[in-house]
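The analysis underlying the following values was restricted to heavy atoms, covering all of them including side chains, and did not include hydrogens, waters or symmetry mates.
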Amino acid sequence: GILADIITDPLFKPDEVERERNVILEEMNVYKDDPGRYVFDLVGDLLWPKDSMRTNVIGTAEIISKMPRQVIIDYFKGLYCMDNLVISVAGNIGHAKVVELAEDLLGGFNTKARRGYERVKGPQSGTVTNILNSDTNQTHLVVAGRAPQIDADDEDAMRLLTTVLGSGMSSRLFLNVRERKALAYTIFMSYANFVDTGKFEVYAGVGNDKVDEAVGAIAEEFTKIRNTKIDAKELDKAKEQVRGRMIMGLESNAAVADMMGSDLIISGKVWTLQEMLAKVDAVSAEAVSEAANKYLKPMDLHLAAIGPVSEKAVANVEKLLRT
């Protein structure tokens, strides 16, 4: 009932709107003071410079400070509508009861969405690096590139490639960049995908005098996995990791409801856990190699960084990434 009321009749009280502005501005300040988080905001201008995807969803301080209350209301009415909504429920309740509740609480509304989202159309940036020069004790860097969208044929191959390279203490990047070369304390690779695009990111926190060396070590691992097919043992280990994350990620009712709702509104169907696991199991070593050669190409790699990075280091990094 409470959730239905929020969707159908929100008040947007003027004093609450003003109060929330300050909360959001402070939220911005928190992550801007944390370069290990803020560096990820610099990636968008490199991967999607001509598209709305480039910006952080939180917006800018100027927009948050000045946006009129009526603009917020109009945005809400144009997007939070019945034809743009699914109800996903997981728990000790039957389907018929959920339908009954939904019809009782929302059946009288027939609102239509007046806006959608703008698909990614533009190319990546011609600029290789986006550096925020700052007097930090450590340089925070992200090597990034585009990756498969949701439901792409090579989505699971990319997920396994990311796992092999940068998930956990036995991953290739961890072993090479941290353990063998001692260039970073923290290093990992992540993969996020959206309806029409995706991205991978390798994050590392490195000594200010080790930036080009660290980027070189990351590029070295990219070259190796592009040129040499991974063996069956390493692939099986990566599959076990991905399977484990999937299974553990659906242990709570909230996670199950979130997954079902997201699948339905994005893909138009709900994938069962068994179907998702089967897709992972079906990925071959050849498919991982194909993903590596498609998405880790030197010409498509970019670097975002926050730290006291010299012009000489930037030039070295660009050469290392693009060679």
Side-chain angles (χ1 to χ4, degrees), residues 1-28 30-31 37 40-41 43-45 47-90 98-122 146-152 155 192-199 253-271:
I2 293 172
L3 291 176
D5 190 48
I6 289 171
I7 289 292
T8 59
D9 192 27
L11 298 177
F12 292 114
K13 291 180 179 179
D15 57 334
E16 292 289 350
V17 170
E18 295 309 312
R19 189 176 298 122
E20 190 62 25
R21 289 188 205 277
N22 293 326
V23 172
I24 294 170
L25 290 171
E26 284 309 308
E27 184 183 352
M28 279 184 189
V30 167
Y31 80 82
R37 289 173 62 194
F40 290 96
D41 276 13
V43 171
D45 283 325
L47 299 188
W48 307 287
K50 304 292 186 183
D51 298 292
S52 57
M53 273 291 294
R54 75 186 182 282
T55 58
N56 189 321
V57 292
I58 203 170
T60 66
E62 183 181 16
I63 289 170
I64 296 301
S65 300
K66 296 181 179 179
M67 184 183 293
R69 173 176 174 267
Q70 190 57 49
V71 170
I72 300 170
I73 292 170
D74 291 343
Y75 177 84
F76 180 88
K77 287 181 176 178
L79 194 62
Y80 290 72
C81 305
M82 291 302 114
D83 67 339
N84 203 25
L85 178 149
V86 299
I87 298 171
S88 178
V89 180
V98 172
V99 172
E100 180 187 331
L101 288 168
E103 288 179 342
D104 181 44
L105 295 166
L106 298 169
F109 299 92
N110 189 30
T111 51
K112 303 286 185 184
R114 300 194 301 270
R115 58 182 298 146
Y117 69 94
E118 189 178 304
R119 296 187 74 89
V120 167
K121 298 186 291 288
R146 288 194 183 181
Q149 66 195 50
I150 289 171
D151 291 341
E155 178 184 30
N193 55 354
F194 315 102
V195 173
D196 54 349
T197 187
K199 64 175 177 175
N253 285 339
V256 172
D258 182 58
M259 181 205 73
M260 292 192 302
S262 298
D263 279 358
L264 192 56
I265 207 154
I266 291 170
S267 303
K269 66 164 283 184
V270 175
W271 294 91

Exercise for the section: Can you measure from CG (Asp51) to OG1 (Thr197) and round to the nearest 0.5 angstrom? Expected result: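 Answer for the CG-OG1 pair, Asp51 versus Thr197, is 8.5 Å.
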
Problem - Pairs where residues 106-119 contributes a residue and the test salt bridge (Lys or Arg N to Asp or Glu O under 4.0 Å) is met, not counting sequence neighbours - result: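 Listed once each, the pairs would be none.
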
Problem - Residues that Asp41 engages under side-chain contact (heavy atoms from CB on, under 4.5 Å), provided they are two or more places apart - result: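 Tyr31, Tyr38, Asn56.
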
Practice task
Taking the side chain as every heavy atom from C-beta outward, state whether Arg37 and Val30 have any pair of such atoms under 4.5 Å apart.
Solution key: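 Yes, at least one pair of side-chain atoms sits under 4.5 Å.
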
Handout entry: Asp45: partners by side-chain contact (heavy atoms from CB on, under 4.5 Å), with sequence neighbours left out
Key =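 Checked Asp45 against side-chain contact (heavy atoms from CB on, under 4.5 Å); matches are Arg54, Asn130.
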
Handout entry: For Thr55, side-chain contact (heavy atoms from CB on, under 4.5 Å) partners two or more places apart
Key =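 Listed in chain order: nothing, the list is empty.
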
Please tabulate, for the side chains in residues 1-16, all donor-acceptor contacts under 3.5 angstrom to protein atoms that are two or more places apart in sequence or on a different chain.
| residue | atom | partner | partner atom | Å |
| --- | --- | --- | --- | --- |
| Thr8 | OG1 | Ala4 | O | 2.8 |
| Glu16 | OE1 | Arg19 | NH1 | 3.0 |
| Glu16 | OE2 | Arg19 | NH1 | 3.0 |

Handout entry: For Glu18, salt bridge (Lys or Arg N to Asp or Glu O under 4.0 Å) partners two or more places apart
Key =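 For Glu18, the residues satisfying salt bridge (Lys or Arg N to Asp or Glu O under 4.0 Å) (neighbours in sequence not counted) are Arg21.
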
Problem - Residues that Glu62 engages under salt bridge (Lys or Arg N to Asp or Glu O under 4.0 Å), provided they are two or more places apart - result: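 Listed in chain order: Lys66.
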
Exercise for the section: For Tyr80, check ring-ring contact (aromatic ring centres under 6.0 Å, His included) against everything at least two apart and list the hits. Expected result: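 Residues passing ring-ring contact (aromatic ring centres under 6.0 Å, His included) with Tyr80: Phe76.
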
Practice task
Side-chain contact test, heavy atoms from C-beta onward, threshold under 4.5 Å: evaluate it for Met28 versus Ile64 and give yes or no.
Solution key: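 SC-SC contact between Met28 and Ile64 confirmed.
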
Practice task
Please name the pair of heavy atoms, one in Asn193 and one in Pro148, separated by the smallest distance, quoted to 0.1 Å.
Solution key: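 It is CB-O, 3.1 Å.
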
Exercise for the section: Kindly give the heavy-atom pair with the smallest separation between Thr111 and Met82, and that separation in Å. Expected result: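 That would be OG1-N, 3.0 Å.
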
Practice task
Grab the two heavy atoms, one from Leu25 and one from Ser65, that are nearest each other, plus how far apart they are.
Solution key: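 Where Leu25 meets Ser65 most closely, the heavy atoms are CD1-OG, 3.7 Å.
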
Practice task
Would you check if Ile72 and Glu20 make a side-chain contact, meaning some heavy-atom pair closer than 4.5 Å?
Solution key: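 Counting from C-beta outward, Ile72 and Glu20 never come under 4.5 Å.
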
Handout entry: Nearest-0.5 Å distance that lies between atom CG in Asp83 and atom CG in Asn110
Key =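 Atom-to-atom, Asp83:CG and Asn110:CG are 8.0 Å apart.
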
Exercise for the section: With sequence neighbours excluded, tell me which residues meet side-chain hydrogen bond (donor to acceptor under 3.5 Å, both in side chains) with Gln70. Expected result: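 Applying side-chain hydrogen bond (donor to acceptor under 3.5 Å, both in side chains) to Gln70 gives Asp74.
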
Problem - Nearest heavy atoms of Ala102 and Ile87, plus distance in Å - result: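 Taking Ala102 first and Ile87 second, the nearest heavy atoms are CB-CD1, 3.6 Å.
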
Problem - Non-neighbouring partners of Glu100 that pass salt bridge (Lys or Arg N to Asp or Glu O under 4.0 Å), sequence neighbours left out - result: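 Listed in chain order: Lys97.
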
Problem - Verdict with supporting geometry, Val120 and Phe194, side chain to side chain contact (heavy atoms under 4.5 Å, CB included) - result: CA-CA 10 Å; Val120 167; Phe194 315 102; over 6 Å; no

Exercise for the section: Check salt bridge (Lys or Arg N to Asp or Glu O under 4.0 Å) between Lys121 and all other residues, then give those that pass, not counting sequence neighbours. Expected result: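 Once residues adjacent in sequence are excluded, Lys121 has no partner under the salt bridge (Lys or Arg N to Asp or Glu O under 4.0 Å) criterion.
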
Contacts under 3.5 angstrom, residues 253-270 side chains, donor-acceptor by atom type, not counting sequence neighbours:
| residue | atom | partner | partner atom | Å |
| --- | --- | --- | --- | --- |
| Ser262 | OG | Asp258 | O | 2.9 |
| Asp263 | OD2 | Trp271 | N | 3.3 |
| Ser267 | OG | Asp151 | OD2 | 2.7 |

